[in-house]
Amino acid sequence: MNRMLLVAAVACGLGGSLVLTSPARAEEVPAEYKACINAGLKWLCDNQNRDGHWESAGQYPIVMTSISGMALLMEGSTIREGKYADRIRRATDWLMARAINTGQIGNPQIPGEAGRYMYGHGFALLFLSCVYGEEEEGERRKKLEKILTEACKFTANAQTTRGGWGYVSSKDGGDFDEGSCTVEQMQALRAARNAGIAVPKDSIEKGVKYLKDSTVNGGVIYSLAGGGGGQGSPALTAAAIACGFSAGEYNNATVKEWIKFCQQHFGAASGGIVRMGHDEYTHYYFAQSVYFLGDNGYGKLFPNSKESERLTWSKYRKESFANIKSTQNRDGSWTGSQVGPGFATPVYLSILQLDNAVLPIYQH
């Protein structure tokens with residue numbers, strides 16, 4: 001699987017009706033992990049460039065700026081107030097300045113973006129959508145609204161004939177699509193819609209169908225281009241679960257298939273960080289899924305399941321957070337994937353801060 005699968009994201013809508021109770025919102029981030037989180041956030045601030053952007057070894061600045069900005073937002077700061085307000089504003093300004101007349105946020109000429117610019121565009125659309133609701137300056141808000149509206153159109157126009165997305169637009173990529181880009185664009189569109197931005201409805205519906213069509217034996221395969229085929233990917237399937245849950249849709253046969261598939265690959269209880277390919281990507285989205293389930297949701301979806309095999313947020317958090325904390329570097333970063341600490345650090349910070357429940361995209 002392409003290494004930039006690590007920088008994809010997720011959220012879409014699937015049909016269903018069972019509403020689960022909010023997970024662990026009454027609980028705060030456990031006290032023993034707050035110092036760990038603060039150290040990670042400090043590392044992010046120390047590694048932000050003066051103009052507001054982040055990068056990884058000189059590459060992927062659109063993606064790294066967007067996902068790092070998301071980690072700061074999850075702390076509870078906004079573009080207007082909070083400890084990291086200035087950092088968030090600078091990141092916002094930098095990304096807004098990179099919106100071009102096609103609607104794309106970013107540019108194929110940016111290092112790391114050539115041949116895979118949809119990743120950066122999707123993450124930027126996600127982050128700026130989460131910022132938009134707190135932007136109160138009149139002219140600036142109008143400008144941001146225009147950027148987001150045009151960015152949604154760009155995403156819709158980049159969709160393939162099968163309903164998915166690829167590393168570049170359908171036109172530039174010969175109608176190629178794959179799972180990681182698809183779920184990432186779906187999350188971006190969902191966040192934009194949450195913010196009140198007009199999103200083409202048929203794009204979401206076609207994206208939903210793509211994910212369903214990509215499910216083989218309970219797992220989401222890499223691509224439908226060329227006729228599909230291959231085995232389901234635990235990483236992509238974990239992302240697809242969060243995709244359904246973040247839209248508030250739970251009691252769906254496909255989502256249930258995905259959950260069972262991931263349990264088979266992560267272990268019966270799926271209670272901790274399981275070492276496997278694409279660790280950060282996998283657990284970023286699997287953590288979101290278990291968070292949505294809370295401590296009671298799994299039993300509602302699978303009422304005849306054994307108690308010892310049920311997914312619970314408390315169980316996952318206890319084992320996973322301890323593992324994340326133990327692998328943190330002295331400087332507050334995480335080394336993680338081949339993409340480097342610029343990706344691994346905001347990913348693990350996002351997992352650790354889910355209980356803050358401040359962003360609509362991660363709430364019910």
Side-chain angles (χ1 to χ4, degrees), residues 7-16 62-63 66-67 69-70 73 92 95-96 99-100 102-106 116-133 144-171 173 177-214 220 224 236 239-249 252 254-255 284-285 288-289 292 359-364:
V7 290
V10 64
C12 63
L14 296 170
I62 302 294
V63 172
S66 302
I67 195 168
M70 290 292 289
L73 288 174
T92 301
L95 287 168
M96 288 175 66
I100 58 180
T102 63
Q104 180 187 345
I105 304 173
R116 56 187 76 255
Y117 57 74
M118 289 305 296
Y119 281 125
H121 172 80
F123 261 118
L125 177 55
L126 171 66
F127 170 68
L128 292 179
S129 295
C130 291
V131 166
Y132 175 70
L144 183 53
E145 180 180 3
K146 181 179 180 180
I147 289 172
L148 291 173
T149 300
E150 294 302 312
C152 287
K153 292 179 182 178
F154 180 85
T155 293
N157 291 333
Q159 197 167 21
T160 71
T161 57
R162 288 170 295 275
W165 283 269
Y167 306 123
V168 296
S169 70
S170 175
K171 179 181 178 180
D177 46 41
E178 59 88 41
S180 68
C181 290
T182 298
V183 294
E184 193 230 1
Q185 298 306 314
M186 294 301 291
Q187 182 182 32
L189 291 175
R190 174 68 184 180
R193 188 169 66 180
N194 285 347
I197 303 299
V199 174
K201 183 179 179 181
D202 61 339
S203 287
I204 294 178
E205 291 176 345
K206 287 187 290 186
V208 169
K209 184 177 184 300
Y210 182 91
L211 290 178
K212 288 183 177 180
D213 291 344
S214 299
V220 177
L224 285 182
L236 289 176
I241 297 171
C243 180
F245 282 4
S246 65
E249 308 291 352
N252 175 277
T254 305
V255 174
Y284 183 40
Y285 300 116
Q288 291 176 35
S289 303
F292 278 123
L359 295 182
I361 194 65
Y362 302 132
Q363 298 175 20
H364 295 281

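Side-chain atoms are counted along with the backbone in the values below, which use heavy atoms only and exclude waters and symmetry mates. These figures come from a predicted structure and were not determined experimentally.
Taken to the nearest 0.5 Å, the OH atom of Y285 stands 13.5 Å off from the CD1 atom of I241. Between Y132 atom OH and I197 atom CD1 the span is 4.5 Å, to the nearest 0.5 Å. Taking NZ from K212 and OG1 from T254, the interatomic distance works out to 5.5 Å, rounded to the nearest 0.5 Å. The CD atom of Q185 sits 9.5 Å away from the CD atom of Q159 when rounded to the nearest 0.5 Å. Taking CG from D213 and NZ from K206, the interatomic distance works out to 13.0 Å, rounded to the nearest 0.5 Å. I361 CD1 to R190 CZ: the interatomic distance, rounded to the nearest 0.5 Å, is 6.5 Å.
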Please set out all donor-acceptor pairs under 3.5 angstrom arising from side-chain atoms of residues 121-131, sequence neighbours excluded.
unit_1: H121; atom_1: ND1; unit_2: I105; atom_2: N; d: 3.0
unit_1: H121; atom_1: NE2; unit_2: A151; atom_2: O; d: 3.1
unit_1: H121; atom_1: NE2; unit_2: T155; atom_2: OG1; d: 2.9
unit_1: S129; atom_1: OG; unit_2: L125; atom_2: O; d: 2.6

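When side chains are defined from C-beta on, V183 does not count as touching Q187, because their heavy atoms never get closer than 4.5 Å. No side-chain heavy atom of N157 sits under 4.5 Å from any side-chain heavy atom of K171.
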For this session: Go through R193 and L189 one step at a time and tell me if the side-chain contact (heavy atoms from CB on, under 4.5 Å) criterion holds.
Result: CA-CA 6 Å; R193 188 169 66 180; L189 291 175; over 6 Å; no

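Summarising the geometry of Y362 relative to Y284, their closest heavy-atom pair is OH-OH, 3.0 Å, with the distance given to 0.1 Å. In terms of heavy-atom proximity, A198 sits nearest to C152 at O-CB, 4.0 Å. Nearest heavy-atom pair across S180 and L236 is N-CD2, 3.4 Å. Pairing each heavy atom of L359 with each of M70, the nearest pair is CD1-CE, 3.7 Å. The heavy-atom pair separating G106 from I62 by the smallest distance is CA-CD1, 3.9 Å.
At least one test fails for R162 against the ring of Y210: distance under 6.0 Å to the centre or angle within 45° of the axis.
Looking at Y117, its side chain does come within 3.5 Å of a backbone N or O of S169 through a donor-acceptor pair. Remark: the backbone N or O of W165 is paired with a side-chain donor or acceptor of T182 at under 3.5 angstrom.
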